[in-house]
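This report refers to the structure that appears directly beneath it.
Counting starts at 1 for both ligands and their atoms, following the listed order.
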Amino acid sequence: MDNNSITTKDVTFKVFRFNSDTDYLPTYKEYKMEVTSEEVVLDILDRIKWDIDGSFSYRRSCRHGICGACAIQVNGKATLACKMNLHELTNIFGTELTIEPQSTKHAVKDMIIDKSDFWEKHAKVHPYLNSHIEENPDTECIVTPEEAERILEADLCIQCGACHYACPVTQINDQFIGPAAFVKAYRFEADVRDESHKERLEEISLPDQGVWDCVKCFECAEACPKDINPIEKITKLHQMVFQENVHKNPVAERHAVGFAHSIKKHGLLDEGELVRYSEGNIGVLKHVPVAIKMFKKGKIILPWNMPKSDKLDEIQKLVKSSSTTKY
Ligand code: SF4
Ligand code: SF4
Ligand code: FES
């Protein structure tokens with residue numbers, strides 16, 4: 001790059017400092033620096049450590065966005081420190097930037113967090129190819145380009161943890177397996193050579209920990225520095241759970257089935273019927289007081305009065321052509 005095209009900006013960094021061995025609470029230290037248009041966040045972490053305070057701690061390894069070690073947050077945005085240009089960040093947030101670890105709850109020392117919960121969830125989904133391969137096979141095990149294509153995106157996951165620590169469900173439910181491990185589960189579920197489909201799908205569809213507890217907020221897709229889109233993989237896992245017939249029939253799953261039936265039958269959402277599908281005939285009784293209030297306000301229609309969409313034919317054709325799952 002031509003040196004004349006390099007510009008500079010004065011930036012104030014508020015950096016999370018914490019040592020779990022000695023501190024009860026974290027502090028935020030302020031560092032003012034002149035930052036060039038070529039520098040990434042990792043350059044600033046290096047400058048703090050090398051020029052100002054040698055005790056400052058953070059993780060890094062490859063410096064090329066492939067090891068996932070340097071994932072942190074800048075102004076609450078999941079960031080790979082070695083890839084994120086600082087001038088780009090100041091264009092979004094201005095010249096005062098707060099640098100924090102991925103999860104302050106798991107902080108050990110400054111930017112370093114204890115990722116053991118992440119790796120435990122990862123191990124839970126059997127993150128490996130389970131295949132009985134003959135030692136001396138007569139033929140190759142051919143995977144077609146189309147079959148390989150299905151796993152390519154998920155295979156690019158660098159285990160940085162950005163999606164895991166951005167996920168609101170992971171933060172409040174310690175059992176929830178989380179988006180990164182679901183991506184890994186999908187990676188092997190979609191692999192034609194794998195022979196553990198049912199076992200893995202059973203694990204990831206259990207109540208409280210599995211794919212049905214995802215609230216579809218898309219935070220994981222927003223956080224991922226590799227554009228892997230974990231929520232899309234979770235949706236594919238939902239379909240696989242049905243296709244392999246391993247579902248345990250939790251509320252969220254029955255809700256999905258009720259939703260599909262209502263749209264197929266009426267072209268519209270029948271809210272009352274949806275509750276009956278989700279909760280069952282007995283479970284629905286506890287919702288009667290609310291249902292009466294909703295009925296009075298015209299928000300629920302009695303089943304025999306449920307109208308049909310005037311585009312029902314078209315909607316049914318769309319449902320048929322887009323459905324990959326038989327309930
Ligand atoms: S979409 Fe699901 S997995 Fe992704 S962050 Fe939201 S709740 Fe978590
Ligand atoms: S899916 Fe994306 S954000 Fe999540 S661990 Fe993998 S690379 Fe990181
Ligand atoms: S140092 Fe490896 S991804 Fe940043």
Side-chain angles (χ1 to χ4, degrees), residues 39-46 49 57-74 76-86 89 99 101-103 106 111-113 115-125 127 151-190 204-238 241 250 252-253 255-256:
E39 284 182 297
V40 292
V41 178
L42 184 57
D43 292 317
I44 295 310
L45 304 187
D46 288 342
K49 185 168 185 74
S57 304
Y58 52 97
R59 286 192 179 113
R60 60 162 198 164
S61 182
C62 68
R63 218 183 198 284
H64 287 286
I66 49 170
C67 73
C70 68
I72 55 167
Q73 287 200 357
V74 180
K77 177 182 164 50
T79 302
L80 267 191
C82 68
K83 294 303 280 181
M84 182 49 86
N85 178 278
L86 271 158
L89 275 177
I99 298 188
Q102 280 183 313
S103 161
H106 294 89
M111 297 303 119
I112 296 176
I113 63 165
K115 271 177 88 172
S116 48
D117 69 310
F118 176 86
W119 293 116
E120 277 158 25
K121 307 287 173 59
H122 181 255
K124 233 177 175 166
V125 301
I151 62 172
L152 279 187
E153 214 181 58
D155 215 21
L156 293 178
C157 173
I158 56 172
Q159 310 297 341
C160 68
C163 58
H164 183 83
Y165 294 107
C167 170
V169 181
T170 313
Q171 285 173 40
I172 56 163
N173 174 0
D174 286 342
Q175 291 182 61
F176 186 57
I177 289 174
F182 289 141
V183 166
K184 192 53 71 182
Y186 170 79
R187 158 54 193 95
F188 291 103
E189 283 301 314
I204 58 105
S205 58
L206 289 174
D208 297 330
Q209 68 175 38
V211 282
W212 303 105
D213 283 78
C214 161
V215 297
K216 298 188 170 62
C217 65
F218 282 76
E219 288 290 336
C220 50
E222 183 73 22
C224 179
K226 291 291 189 185
D227 293 332
I228 284 170
N229 199 348
I231 175 63
E232 189 225 355
K233 310 296 172 286
I234 291 170
T235 306
K236 286 182 173 163
L237 288 171
H238 285 154
V241 167
E253 197 183 308
H255 186 90

Handout entry: Non-hydrogen atom of Ala81 closer than 4.0 Å to ligand 3
Key = no
Exercise for the section: May I ask you to check if any N/O/S atom from Cys167 comes under 2.8 Å of atom 8 (Fe) of ligand 1? Expected result: yes
Practice task
With heavy atoms of Pro225 as the reference, note each atom of ligand 2 found under 4.0 Å away.
Solution key: 3 (S)
Practice task
Mind telling me whether His164 and Phe118 have parallel, tilted or perpendicular rings, with 30° and 60° as the class edges?
Solution key: perpendicular
Practice task
Over all heavy atoms of both residues, which pair between Ala181 and Ile177 is shortest? Give the atoms and the distance, please.
Solution key: CB-CG2, 3.3 Å
Practice task
Could you tell me whether ligand 2 has any atom less than 4.0 Å away from a heavy atom of Ala223?
Solution key: no
Exercise for the section: Mark yes or no for whether Gln73, through its side chain, and Ser103, through its backbone, hold a donor-acceptor pair below 3.5 Å. Expected result: no
Practice task
From atom 2 (Fe) of ligand 1, work out which of Ala181, Cys214, Gly178, Cys217 has a heavy atom at the shortest distance.
Solution key: Cys214
Fill in the blank from the handout: Residue, atom and distance of the protein heavy atom nearest atom 7 (S) of ligand 2 read Ile158 N, 3.5 Å
Exercise for the section: Select one of side chain, backbone, both or neither to describe which atoms of Phe218 lie under 4.0 Å from any atom of ligand 1, heavy atoms only. Expected result: backbone
Handout entry: Where ligand 3 meets Cys70 - atom numbers and elements under 4.0 angstrom, heavy-atom basis
Key = 1 (S), 3 (S), 4 (Fe)
Problem - Pair Glu189 + Lys236: basic N to acidic O under 4.0 Å - result: no
Fill in the blank from the handout: Nearest non-hydrogen protein atom to atom 6 (Fe) of ligand 2, with distance, is Cys157 SG, 2.3 Å
Practice task
Check ligand 1 against Lys216 and write out every atom of the ligand that is under 4.0 Å from a heavy-atom position of the residue.
Solution key: 1 (S), 2 (Fe)
Exercise for the section: For Gly161, take its heavy atoms, then give the atoms of ligand 2 lying under 4.0 Å from any of them. Expected result: 5 (S), 8 (Fe)
Exercise for the section: For Val215, take its heavy atoms, then give the atoms of ligand 1 lying under 4.0 Å from any of them. Expected result: 2 (Fe), 7 (S)
Problem - Where ligand 2 meets Ala180 - atom numbers and elements under 4.0 angstrom, heavy-atom basis - result: 5 (S)
Handout entry: Distance-minimising heavy-atom pair for Glu219 and Ala166
Key = CB-O, 3.8 Å
Handout entry: Heavy-atom gap Ala154 to ligand 2 smaller than 4.0 Å
Key = no
Handout entry: Presence of salt bridge, Arg63 and Asp43, under 4.0 angstrom
Key = yes
Problem - Arg63: numbered ligand 3 atoms lying under 4.0 Å from its heavy atoms - result: 1 (S), 2 (Fe)
Exercise for the section: Tell me, with the steps shown, if Gln159 and Trp119 meet side chain to side chain contact (heavy atoms under 4.5 Å, CB included). Expected result: CA-CA 9 Å; Gln159 310 297 341; Trp119 293 116; 3.6 Å; yes
Exercise for the section: Report the C-alpha separation of Ser61 and Arg59 in whole Å, then their side-chain angles, then the decisive distance to 0.1 Å, and conclude whether the side chain to side chain contact (heavy atoms under 4.5 Å, CB included) test is met. Expected result: CA-CA 7 Å; Ser61 182; Arg59 286 192 179 113; over 6 Å; no
Handout entry: Numbering as shown, the atoms of ligand 3 that approach Cys82 to under 4.0 Å (heavy-atom distance)
Key = 1 (S), 3 (S), 4 (Fe)
Handout entry: Atoms in ligand 3 with a heavy atom of Gly68 nearer than 4.0 Å
Key = 2 (Fe), 3 (S)
Practice task
Distance to 0.1 Å, residue and atom name: give those for the protein heavy atom nearest to atom 3 (S) of ligand 1.
Solution key: Ile234 CD1, 3.5 Å
Problem - Nearest atoms (heavy-atom pairs only) where Ile231 meets Cys220 - result: N-SG, 3.7 Å
Completion exercise
Here the atoms of ligand 3 under 4.0 Å from any heavy atom belonging to Gly65 are 3 (S)
Problem - Between CD1 on residue Ile234 and OH on residue Tyr186, distance to nearest 0.5 Å - result: 12.5 Å
Practice task
Give the atoms of ligand 3, by number and element, whose distance to some non-hydrogen atom of Ile66 is under 4.0 Å.
Solution key: 3 (S)
Handout entry: Per-residue contact class, Val169 against ligand 1 - non-hydrogen pairs under 4.0 Å
Key = side chain
Exercise for the section: Report yes if some heavy atom in the side chain of Val41 is under 4.5 Å from a heavy atom in the side chain of Leu86; otherwise report no. Expected result: yes
Problem - atom 8 (Fe) of ligand 2: the protein heavy-atom neighbour that sits closest, reported with distance to 0.1 Å - result: Cys160 SG, 2.3 Å
Exercise for the section: Round to 10° and report the angle made at atom 2 (Fe) of ligand 3 by SG of Cys67 and SG of Cys62. Expected result: 100°
Handout entry: Heavy-atom donor-acceptor pair, Lys115 side chain to His106 backbone, under 3.5 Å
Key = no
Exercise for the section: Measure from the side-chain N and O atoms of Asp117 to the backbone N and O of Asp174, and report whether any donor-acceptor pair falls under 3.5 Å. Expected result: no
Exercise for the section: Could you find the nearest protein heavy atom to atom 4 (Fe) of ligand 2 and give me its residue, atom name and distance? Expected result: Cys163 SG, 2.3 Å
Problem - Full working for side chain to side chain contact (heavy atoms under 4.5 Å, CB included) between Ile72 and Tyr58 - result: CA-CA 9 Å; Ile72 55 167; Tyr58 52 97; 5.9 Å; no
